[in-house]
Amino acid sequence: MIEYQYDINRIDIDIKGILSKMKNNTNDSNALINKPNCEFKDFDAVFVNSFDRYIQEDFGRILNTHKEKSFKLWAWKNDKACAEFAILCAENLENVKISVSDLTGTKEIIPSDNIKLSFIKEVKAYTGHAGWYANNPNNVMPKGERKYFPEVIYSDAPVSICRDRLQLVWAEVQIPKNISLGLYSGSIAVCADNISKNVTLDFAVEVLDITMPDSGNYTFDVEYWHHPYNVAYYYGVEPFSEKHLEILKQHMLLYKSLGGHAVTASIVEEAWGGQTYGFGRDIHYPSMIKWIKTCDNKWKFDYSHFDKWIELNKNLGIADKIICYSMMPWKNVVRYYDESKQKYKKIKVNTANKTKYDEVWRPFLQTFVKHLDEKDWFDSAYIGFDERRNMQTALDLIASVKNKDGKALKISAAFNDFKHNAAVFNRLDYASVGLQQIRDNLQDFKDQVRIRRDNKQQTTMYTATEHVPNSFTKSIPAESYWTAMFAGSLNTTGFLRWAYDAWVENPLEESTHWSFPAGDCFLVYPSYKNQKPESKFSLRLAKLDEGVRDVNKLYMMRETSPQLASKIEKLFSQIKGVEENSYEFCTMAKTNFWGRKAKWLTQNGKNQIIDDMEKVKRQIYEISKEYCELK
């Protein structure tokens, strides 16, 4: 029996077993419905559209419609250029390898070390309704259809591929900051141990004479909520041990490269009501600050985990915003250790009872503010609120506790009632509003963005359960790119998303969660546990990142070239999405008795959004060329 230690879609895969299974027509979610009629004997490779999504059933569609053996990209200096290609197999391929040449220009080269090729791993995902947490206290996983989707931009390690299957590959070119403008050309080679031929793909990158700002200087940035405890649980390491901190270093540098500044910190246990996956623990998500009631009935607080988390991120050059969740946790519960009883206890603290709320939270705030002053972190810290009502009591309490300079902590919130609750919204230094609430009050939102910009207040957009388009496992990549572009069209200061890394038990096998659409809880994936810990892009995140970079390009050109401002505003005005049905979608019936109905783009809606985003991309290129000429 031939075994391979690593395969992109299965670990320790048994090739002969799979072949036998396919030969016997055993039901398999990845098996092709119809065997394709290949024009080649062994294998081939072609470029595909990175805005589109290709599952195994699309083998024939690629075969019939994608013939591109060469591809041209464009980019700014200090930018990325990305492409995708598919390997199509008519025979079993053993140890498929991919390699790339230098990209050669007239005077300089972009070395192959700047070009990363990665096989894309498929992940199984539930395809049913949008969220079922409302009546699911026992965390029951949903029943219903699962399918495999290309998700994880994993690695260039050789893979084995069965006949009549496709394997996607992601190509990413890092453009040096100090390279000459011009066209750079090279090639990609694909080969396998058991086939004598190589397949070659040609590609080129046109480098324009404009320099992309470093991610730390983006004017349109991202905030993806972090869950470092889940990272520790997945890899089986002690939270905030040296091993954990070493894993988190690469994990958070990746976040920084996306334009991320803000980091998420928990100040109570279960700030989000226990909705994250807990890896079998009673407390799914702990507090980084440990609450302790002493024997003399006073509060004290252990900041060990909080300090290690913030110090790590400060040393990486991020955490200029420390968003602390939350003084209004979803179930209004504060859990603490009672030294006199030597056990954990909990109290319910609701803003409706101002006296009790003050008794519990004022001692915390006073100690917390003092600690932040001592660490010189006060100006970075925000108290965060997640879609909470009746916030006035909490905000008044925060305002009443001053630091050594007479300042109160800043406030951040995902807050949707901006139109009818201006008294709260105006107090938010950093606010994010959901896509559907923006649509329902579009002009009011745009007015708020403008006013808040004038007041040095930041306003972002977020997407969540039931929003369409979106960035779930089942969503097509164009939806993620559209999301960033639509947020940019509203002149927001960035985009927020739950979540960066709230991993489930085996995310590389299945992204389904009991409370959210598959993939909603994480944009990055881990590596396999028997390999070096390393966080990986999802396809969704790669296209979000592309959209964020392109919004930053448009913002920069609009700011520095008034002659182009009208063209850029026209481009933004043409981005559809102000109505929920701007792109055709269908509503999927519930597959469980609880939950919410899912909204997915129809094939027509997918085609529409792909076509529109391709046009947007071309227009950004044309405006960039004109910017170069004006400069």
Side-chain angles (χ1 to χ4, degrees), residues 49-51 72-76 79 81 206 208-213 218-222 259 433 435-436 438-454 458-461 463 468-469 477-495 543-584 601 604-631:
N49 188 342
S50 66
F51 282 119
K72 180 186 172 184
L73 301 163
W74 66 271
W76 289 15
D79 192 10
E206 181 184 358
L208 304 181
D209 194 19
I210 328 176
T211 303
M212 187 80 186
Y218 283 179
T219 54
F220 177 92
D221 61 19
V222 298
V433 180
L435 172 60
Q436 193 54 48
I438 292 171
R439 285 169 167 159
D440 292 342
N441 305 278
L442 186 64
Q443 190 54 54
D444 292 308
F445 179 77
K446 288 182 176 181
D447 291 342
Q448 282 292 330
V449 170
R450 177 180 48 78
I451 293 167
R452 288 173 62 82
R453 276 187 176 274
D454 291 341
Q458 294 176 293
T459 317
T460 67
M461 181 188 93
T463 55
V468 59
E479 296 181 56
S480 292
Y481 183 82
W482 170 90
T483 299
M485 296 306 302
F486 186 72
S489 75
L490 301 169
N491 199 32
T492 63
T493 56
F495 173 67
K543 296 307 282 189
L544 270 171
D545 183 40
E546 183 180 344
V548 168
R549 294 197 312 275
D550 285 353
V551 170
N552 275 283
K553 290 169 187 170
L554 292 168
Y555 277 17
M556 186 187 116
M557 291 189 292
R558 183 178 63 184
E559 180 68 23
T560 58
S561 184
Q563 304 96 311
L564 295 175
S566 60
K567 285 190 176 182
I568 292 168
E569 289 308 314
K570 183 178 179 182
L571 184 156
F572 276 140
S573 70
Q574 292 172 345
I575 295 174
K576 292 187 290 190
V578 297
E579 301 290 341
E580 187 179 43
N581 61 357
S582 293
Y583 293 106
E584 184 180 282
L601 293 184
N604 186 42
K606 294 174 188 176
N607 293 340
Q608 291 172 338
I609 201 169
I610 290 170
D611 185 58
D612 283 352
M613 294 306 101
E614 287 178 326
K615 291 175 181 175
V616 166
K617 192 76 180 176
R618 284 195 296 272
Q619 288 179 57
I620 297 172
Y621 169 72
E622 290 163 2
I623 293 172
S624 297
K625 292 280 283 186
E626 189 172 348
Y627 181 87
C628 291
E629 293 170 4
L630 288 170
K631 192 179 69 167

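One is the number of the first residue; the rest follow in order along the sequence. These numbers come from the heavy atoms of this one structure, side chains and all, not from hydrogens, waters or symmetry mates.
- Counting heavy-atom neighbours within 6.0 Å of Q574 CD, excluding the residue itself, gives a total above 12.
- Within 6.0 Å of NZ in K576 there are more than 12 heavy atoms belonging to other residues, nucleotides or ligands.
- Side chain of S561 to backbone of R558: no donor-acceptor contact under 3.5 angstrom is found.
- Residues E614 and K617 have side chains not in contact (no heavy-atom distance under 4.5 Å, counting atoms from C-beta outward).
- Looking at every heavy atom in both residues, A478 comes nearest to M613 through O-CG, 4.1 Å.
- Using a 4.5 Å heavy-atom threshold, the side chains of Y218 and Y555 count as separate.
- Rounding to the nearest 0.5 angstrom, the gap separating the CD atom in E569 from the CG atom in L554 is 9.5 Å.
- Residues Q436 and E580 meet the side-chain proximity criterion, which asks for heavy atoms closer than 4.5 Å.
- Taking every heavy atom of both residues into account, G494 and A487 meet most closely at O-CB, 4.4 Å.
- For the pair D209/K631, a side-chain contact is recorded, criterion being any heavy-atom separation below 4.5 Å from C-beta on.
- Under the 4.5 Å side-chain criterion, counting only non-hydrogen atoms from C-beta, F445 is in contact with T492.
- Here the closest non-hydrogen pair linking L208 and C628 is CB-SG, 4.2 Å.
- The CG atom of L544 sits 11.0 Å away from the CH2 atom of W482 when rounded to the nearest 0.5 Å.
- Contact between P469 and L435 at its shortest, heavy atoms only, is O-CD2, 4.1 Å.
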- For N491 and K446, what are the C-alpha separation, side-chain angles and deciding distance, and is it a side-chain contact (heavy atoms from CB on, under 4.5 Å)? CA-CA 8 Å; N491 199 32; K446 288 182 176 181; over 6 Å; no
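- For D612 and Q608, the side-chain atoms include no donor-acceptor pair closer than 3.5 Å.
- With contacts defined as side-chain heavy-atom distances shorter than 4.5 Å, the pair V449/L490 does not qualify.
- With rounding to the nearest 0.5 angstrom, the CD atom of E479 is 9.0 Å from the CD1 atom of I610.
- Contact detail for T493 and Q458: the closest heavy-atom pair is OG1-CB, 3.5 Å.
- Checked by atom type and distance alone, the side chain of N552 pairs as donor or acceptor with a backbone atom of V548 at under 3.5 Å.
- Looking at W76 and T211, their side chains never bring a donor and an acceptor atom within 3.5 Å of each other.
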- Test log, rule side-chain contact (heavy atoms from CB on, under 4.5 Å), inputs V578 and R439: CA-CA 5 Å; V578 297; R439 285 169 167 159; 5.5 Å; no
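- The structure places CD1 of I451 at 8.0 Å from CG of D454, a figure rounded to the nearest 0.5 Å.
- To the nearest 0.5 angstrom, R452 atom CZ is 4.0 Å from T459 atom OG1.
- In this structure, the side chains of W74 and K625 stay at 4.5 Å or more apart for every pair of heavy atoms.
- Across every non-hydrogen atom of D221 and G259, the tightest pair is CB-O, 3.1 Å.
- Salt-bridge check for K72 with E206: passed, with a basic side-chain N closer than 4.0 Å to an acidic carboxylate O.
- Side-chain contact check for I620 versus M485: some heavy-atom pair is nearer than 4.5 Å.
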- Message: Apply side-chain contact (heavy atoms from CB on, under 4.5 Å) to residues M556 and T219 and explain how you reach the verdict.
- Response: CA-CA 8 Å; M556 186 187 116; T219 54; 6.0 Å; no
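- Taking a cutoff of 4.0 Å between a charged side-chain nitrogen and a carboxylate oxygen, K543 and E546 qualify as a salt bridge.
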- Mind running side-chain contact (heavy atoms from CB on, under 4.5 Å) on K567 and E626 for me, showing each step along the way? CA-CA 11 Å; K567 285 190 176 182; E626 189 172 348; 2.6 Å; yes
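- Side chain to side chain, D444 and Q448 fail the donor-acceptor criterion of an N or O pair below 3.5 Å.
- Under a 3.5 Å cut-off, the side chain of R549 and the backbone N or O of D79 do not form any donor-acceptor pair.
- Annotation: the span from E584 atom CD to L601 atom CG amounts to 9.0 Å, rounded to 0.5 Å.
- When the shell of 6.0 Å around CD of Q443 is examined, it contains more than 12 heavy atoms from other residues, nucleotides or ligands.
- Under 3.5 Å, the side chains of Y481 and S50 contain no donor-acceptor pair of N or O atoms.
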